[in-house]
Novice: 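To start, I am sharing the structure in question, which I have written as structure tokens.
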Amino acid sequence: MKYQRVRGMQDLLPEDQPYWAHVEKACHDLAGRYGFERLEAPVLESTDLFVRGVGDATDIVSKEMYSFVDKGEDALTLRPEFTAGVMRAYIENGMGSRPQPQKLYSFGPIFRRERPAKGRYRQFYQFNAEVIGTPDALADLEIMQIAHGLYSRLGFTNLVFQLNSTGDPECKPRFIQALRDYFTPLMDRLAPLDRERLAKNPLRVLDTKERETLPLLADAPRFVDYLNAACAEHFAELRAYLDDAGIRYEINHRLVRGLDYYTKTVFELWGEGLGAQGALCGGGRYDGLIEALGGAPTPGVGFATGIERIIMSMRELGVQPAPLPRPDVFIAHLGPAAKRVAVQLAAQLRAEGTGVRVAFGARSLKAQMKDADRAGCALALLIGDDEVRDGTVTARDLAHSEQATLARADAAGWIRAHLP
RNA sequence: GUGCCUAUAGCUCAAUAGGCGGAGCGCCUGACUGUGGCUCAGGAGGUUGUGGGUUCAAGCCCCACUAGGCACCCCA
């Protein structure tokens with residue numbers, strides 16, 4: 001085959017669309033219900049925005065970005081996540097002067113140049129929601145609520161968030177130091193990979209999968225014990241809200257997230273049928289991000305969920321989306337004169353709002369009826385020499401195998417009466 | 001980016017020990033000259049992912065590349 005999909009990209013075929021339409025609609029509906037407004041930033045941003053916003057030590061920035069230099073001038077990158085671009089838009093459009101907080105959501109493609117696997121694509125879609133401009137733990141709750149609401153609406157049960165707090169610039173360094181102090185004497189019992197992590201990014205040792213390291217984690221310092229008063233209070237407040245809302249969560253002391261900008265709240269939720277890529281959604285608070293990007297000090301909290309992973313999980317769990325609307329009426333014709341009448345009748349019915357499919361070519365009536373059936377049309381109109389001569393149409397109800405010949409002007413009324 | 005596995009018709013898969021590539025579904029046509037679903041019959045559709053190599057002979061063995069899957073890394 002000469003041309004094939006670019007690695008890690010996928011075609012969304014007609015049979016996939018009911019799932020997409022269903023999930024997308026749920027996202028828009030829910031966002032609206034919570035008072036989120038849509039903001040769509042461009043797919044392309046300056047490379048530097050992500051380097052600063054996401055962090056140059058992160059995997060996303062250090063090895064997963066689609067970056068290029070445009071005509072030898074601008075260093076550009078296909079967005080590897082939503083938040084940095086949304087924050088840029090918030091700052092650039094002066095949205096800090098609008099009523100705070102701003103509740104914004106986005107839906108669109110994200111690009112990461114990773115090795116593809118089940119549930120992992122190089123172009124994938126995310127639904128993203130952010131509450132910008134308030135430190136209130138209620139904002140954290142709403143972000144988790146909208147995620148929870150989305151999944152339960154889509155048919156997921158047994159939803160349990162993994163929750164942790166990663167402190168702020170004041171207490172986070174103290175915790176990292178405590179981790180170093182704990183693991184350094186145990187260095188020779190750590191897996192080689194974790195020795196590297198301890199040096200480069202000690203938090204990462206916490207979510208290791210290395211067998212040798214796992215037993216050492218039991219007595220490792222826990223972030224919750226190192227939170228300062230403000231962070232501890234925020235965390236307690238959020239937990240109280242979650243309890244009141246009946247949203248289930250587990251405190252996961254090993255949950256640390258990959259992006260540099262997280263402060264205080266971090267959470268994830270896991271799905272079924274995703275292979276090793278279990279995360280259905282992830283999010284957290286990022287109180288220092290906007291300032292780091294050149295805006296006024298502004299707190300924020302948000303989450304993102306992967307649409308492909310939702311759909312994969314839905315399929316795994318046997319959740320069926322509603323079928324997409326299809327044309328109700330099929331028009332079959334026999335002979336050139338009849339075909340011209342059919343085209344006119346189709347135009348007229350479509351103008352009135354009826355979905356109509358007209359047979360192409362000049363095939364046998366049998367073949368045309370077969371097409372009508374396979375297209376899922378409930379009703380068929382037949383026009384042949386007799387109907388052209390008499391100004392009539394033969395109308396057939398495919399589901400009930402009943403038909404009648406009527407004046408062409410009565411076709412619309414007959415259709416209305418026979419639609420399922 | 002690393003390791004392992006895989007690649008045959010549009011789809012799901014067969015092909016004994018290297019020896020003329022098949023089936024089911026789907027598609028087209030007919031049985032039924034103006035009537036769908038069910039049934040029956042016939043037909044189209046392949047450079048066996050791509051490029052090399054070994055051999056009298058390669059879908060099958062060897063190498064590279066491409067793509068997918070699984071596990072890492074990490075994440076949605």
Side-chain angles (χ1 to χ4, degrees), chain A residues 1-10 13 15 23 54 57-64 79-83 107-128 147 191-194 196-197 200-201 204 207-211 255-259 268-271 274-283 303-313 330 332-335 338 359 361-388 394-403 405:
Chain A
M1 204 166 310
K2 188 168 182 188
Y3 295 109
Q4 50 185 332
R5 281 186 291 270
V6 171
R7 183 161 160 93
M9 312 256 161
Q10 50 175 352
L13 303 178
E15 56 267 36
V23 174
V54 181
T58 59
D59 282 14
I60 288 180
V61 170
S62 63
K63 57 185 193 188
E64 295 172 2
R79 65 182 176 204
E81 59 121 46
F82 267 119
T83 301
F107 188 106
I110 295 291
F111 303 84
R112 288 185 202 168
R113 198 183 179 293
E114 296 181 88
R115 180 139 169 190
K118 189 182 191 67
R120 164 178 294 167
Y121 304 99
R122 289 182 168 190
Q123 175 178 335
F124 61 99
Y125 283 73
Q126 284 189 344
F127 168 61
N128 181 269
L193 187 57
D194 288 319
E196 275 181 52
R197 286 180 174 131
K200 286 198 326 211
N201 190 354
R204 281 272 156 234
D207 65 354
T208 186
K209 290 176 191 166
E210 301 290 322
R211 280 193 176 285
L255 179 66
V256 293
R257 292 186 42 82
L259 310 183
E268 285 184 358
L269 196 136
W270 299 68
L274 300 174
Q277 283 69 242
L280 204 55
C281 88
F303 95 106
T305 187
I307 305 304
E308 287 83 354
R309 288 188 182 180
I310 290 178
I311 290 172
M312 231 178 258
S313 253
F330 188 95
H333 47 78
L334 292 164
R363 304 170 67 207
S364 72
L365 182 58
K366 180 186 183 62
Q368 295 183 58
M369 292 300 287
K370 198 166 187 167
D371 284 347
D373 191 53
R374 280 185 297 198
C377 294
L379 310 175
L381 301 181
L382 164 61
I383 298 166
D385 292 339
D386 298 347
E387 287 83 356
V388 171
T394 295
R396 181 173 179 84
D397 182 331
L398 292 168
H400 301 96
S401 298
E402 294 164 359
Q403 69 182 47
T405 298

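Below, read A as the first sequence line, B as the second, and so on, with proteins coming before strands; counting in each chain starts at 1.
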Novice: With rounding to whole Å, what would you report as the distance between B:rA15 and B:rG49 at their P atoms?
Specialist: 15 Å

Novice: Which nucleotide in the list B:rC27, B:rC73, B:rU66 gets nearest to the side chain of A:Gln4?
Specialist: B:rU66

Novice: Give one of base, sugar-phosphate or nothing for A:Arg5, where a contact means two heavy atoms less than 4.0 Å apart.
Specialist: nothing

Novice: Take atom P in B:rC27 and the same atom in B:rG36, then report the distance between them in whole Å.
Specialist: 15 Å

Novice: Roughly, in whole Å, what's the span from CD in A:Glu308 to P in B:rG69?
Specialist: 12 Å

Novice: Give a yes or no on whether a salt bridge exists between A:Arg122 and A:Glu114, defined as a side-chain N under 4.0 angstrom from a carboxylate O.
Specialist: no

Novice: Find the distance between CZ (A:Arg197) and OG1 (A:Thr208) and round it off to the nearest 0.5 Å.
Specialist: 4.5 Å

Novice: Between A:Lys63 (NZ) and B:rC73 (P), how many Å, whole number?
Specialist: 10 Å

Novice: Nearest whole angstrom, please: distance from the P of B:rC5 to the CZ of A:Arg115.
Specialist: 13 Å

Novice: Can a donor-acceptor pair under 3.5 Å be found between the side-chain atoms of A:Ser401 and the base atoms of B:rG36?
Specialist: yes

Novice: Of the options B:rC73, B:rG34, B:rC75, whose atoms approach the side-chain atoms of A:Leu334 most closely?
Specialist: B:rG34

Novice: Given B:rC75, B:rG36, B:rC74, which nucleotide is nearest the side-chain atoms of A:Arg112?
Specialist: B:rC75

Novice: Heavy atoms under 4.0 Å, any strand shown: does A:Gly335 hit a base, just sugar-phosphate, or nothing?
Specialist: nothing

Novice: For A:Pro116 and A:Gly282, find the nucleotide of RNA chain B closest to each by heavy atoms; which residue's nucleotide sits nearer the 5' end?
Specialist: A:Pro116

Novice: For the P atoms, the ones on B:rG22 and on B:rU47, what distance do you get once it is rounded to whole angstrom?
Specialist: 15 Å

Novice: Using atom C1' of each nucleotide, how far apart are B:rA57 and B:rC72 to the nearest Å?
Specialist: 43 Å

Novice: Considering heavy-atom distances to RNA chain B, does A:Thr305 or A:Arg374 have its closest nucleotide positioned more toward the 5' end?
Specialist: A:Arg374

Novice: Rounded off to whole Å, could you give me the CZ-to-P distance for the A:Arg113 and B:rG1 pair?
Specialist: 5 Å

Novice: Give the nucleotide from the list B:rC75, B:rG37, B:rC70 with an atom nearest to the side chain of A:Asp207.
Specialist: B:rC75

Novice: With rounding to the closest Å, how many angstrom separate the C1' atoms on B:rA58 and B:rA17?
Specialist: 14 Å

Novice: Hey, is the side chain of A:Arg204 poking within less than 4.0 Å of OP1 or OP2 on B:rC75, counting only N and O atoms?
Specialist: yes

Novice: I'd like to know if A:Arg257 reaches the base of B:rC75 with its side chain, counting only an N/O donor and acceptor under 3.5 Å.
Specialist: no

Novice: How long is the line joining CE of A:Met369 and P of B:rC38, in whole Å?
Specialist: 14 Å

Novice: What is the distance from CD of A:Glu268 to C1' of B:rC74, rounded to the nearest Å?
Specialist: 11 Å

Novice: Starting at atom CG of A:Leu365, determine the distance to atom P of B:rG34, rounded to an integer number of angstrom.
Specialist: 7 Å

Novice: Do A:Val61 and A:Thr58 come close enough that some side-chain heavy atom pair is under 4.5 Å?
Specialist: yes

Novice: Looking at B:rC70, B:rA76, B:rA31, which one has an atom nearest to any side-chain atom of A:Lys366?
Specialist: B:rA31

Novice: What about A:Glu387, does its side chain sit under 3.5 Å from the base of B:rG34 through a donor-acceptor pair?
Specialist: yes

Novice: Do the side-chain N or O atoms of A:Arg363 get closer than 4.0 angstrom to the phosphate oxygens (OP1, OP2) of B:rC28?
Specialist: yes

Novice: Which part of the nucleic acid does A:Leu382 contact within heavy-atom distance under 4.0 Å: base, sugar-phosphate only, or nothing?
Specialist: base

Novice: Just to be sure I understand the rule, does A:Glu81 reach a base, reach only the sugar-phosphate, or reach nothing, if contact means heavy atoms closer than 4.0 Å?
Specialist: nothing

Novice: Under 4.0 Å, heavy atoms only, any strand: does A:Leu193 hit a base, just the sugar-phosphate, or nothing?
Specialist: sugar-phosphate

Novice: Within the 4.0 Å heavy-atom criterion, would you say A:Glu114 contacts the bases, only the backbone, or no part of the nucleic acid?
Specialist: base

Novice: Find the distance A:Lys370:NZ to B:rC28:P and express it as a whole number of Å.
Specialist: 7 Å

Novice: For A:Arg396 and A:Glu402, what are the C-alpha separation, side-chain angles and deciding distance, and is it a salt bridge (charged side-chain N to carboxylate O under 4.0 Å, His left out)?
Specialist: CA-CA 6 Å; A:Arg396 181 173 179 84; A:Glu402 294 164 359; over 6 Å; no

Novice: B:rG34, B:rA76, B:rC70: which one has an atom nearest the side-chain heavy atoms of A:Gln126?
Specialist: B:rA76

Novice: Does A:Tyr121 reach a base, just sugar-phosphate, or nothing at all? Heavy atoms under 4.0 Å.
Specialist: base

Novice: Go through A:Lys370 and A:Asp373 one step at a time and tell me if the salt bridge (charged side-chain N to carboxylate O under 4.0 Å, His left out) criterion holds.
Specialist: CA-CA 5 Å; A:Lys370 198 166 187 167; A:Asp373 191 53; over 6 Å; no

Novice: Out of B:rU29, B:rC70, B:rC73, which has the shortest distance to the side chain of A:Arg120?
Specialist: B:rC73

Novice: According to the interplanar angle, ranging from 0 to 90°, do the rings of A:Phe303 and A:Phe127 count as parallel (below 30°), tilted (30 to 60°) or perpendicular (above 60°)?
Specialist: perpendicular

Novice: Across the strands shown, which category fits A:Ala372 at heavy-atom distances under 4.0 angstrom: base, sugar-phosphate, nothing?
Specialist: nothing

Novice: Has the side chain of A:Arg7 got a donor or acceptor atom sitting under 3.5 Å from an opposite partner on the base of B:rU66?
Specialist: no

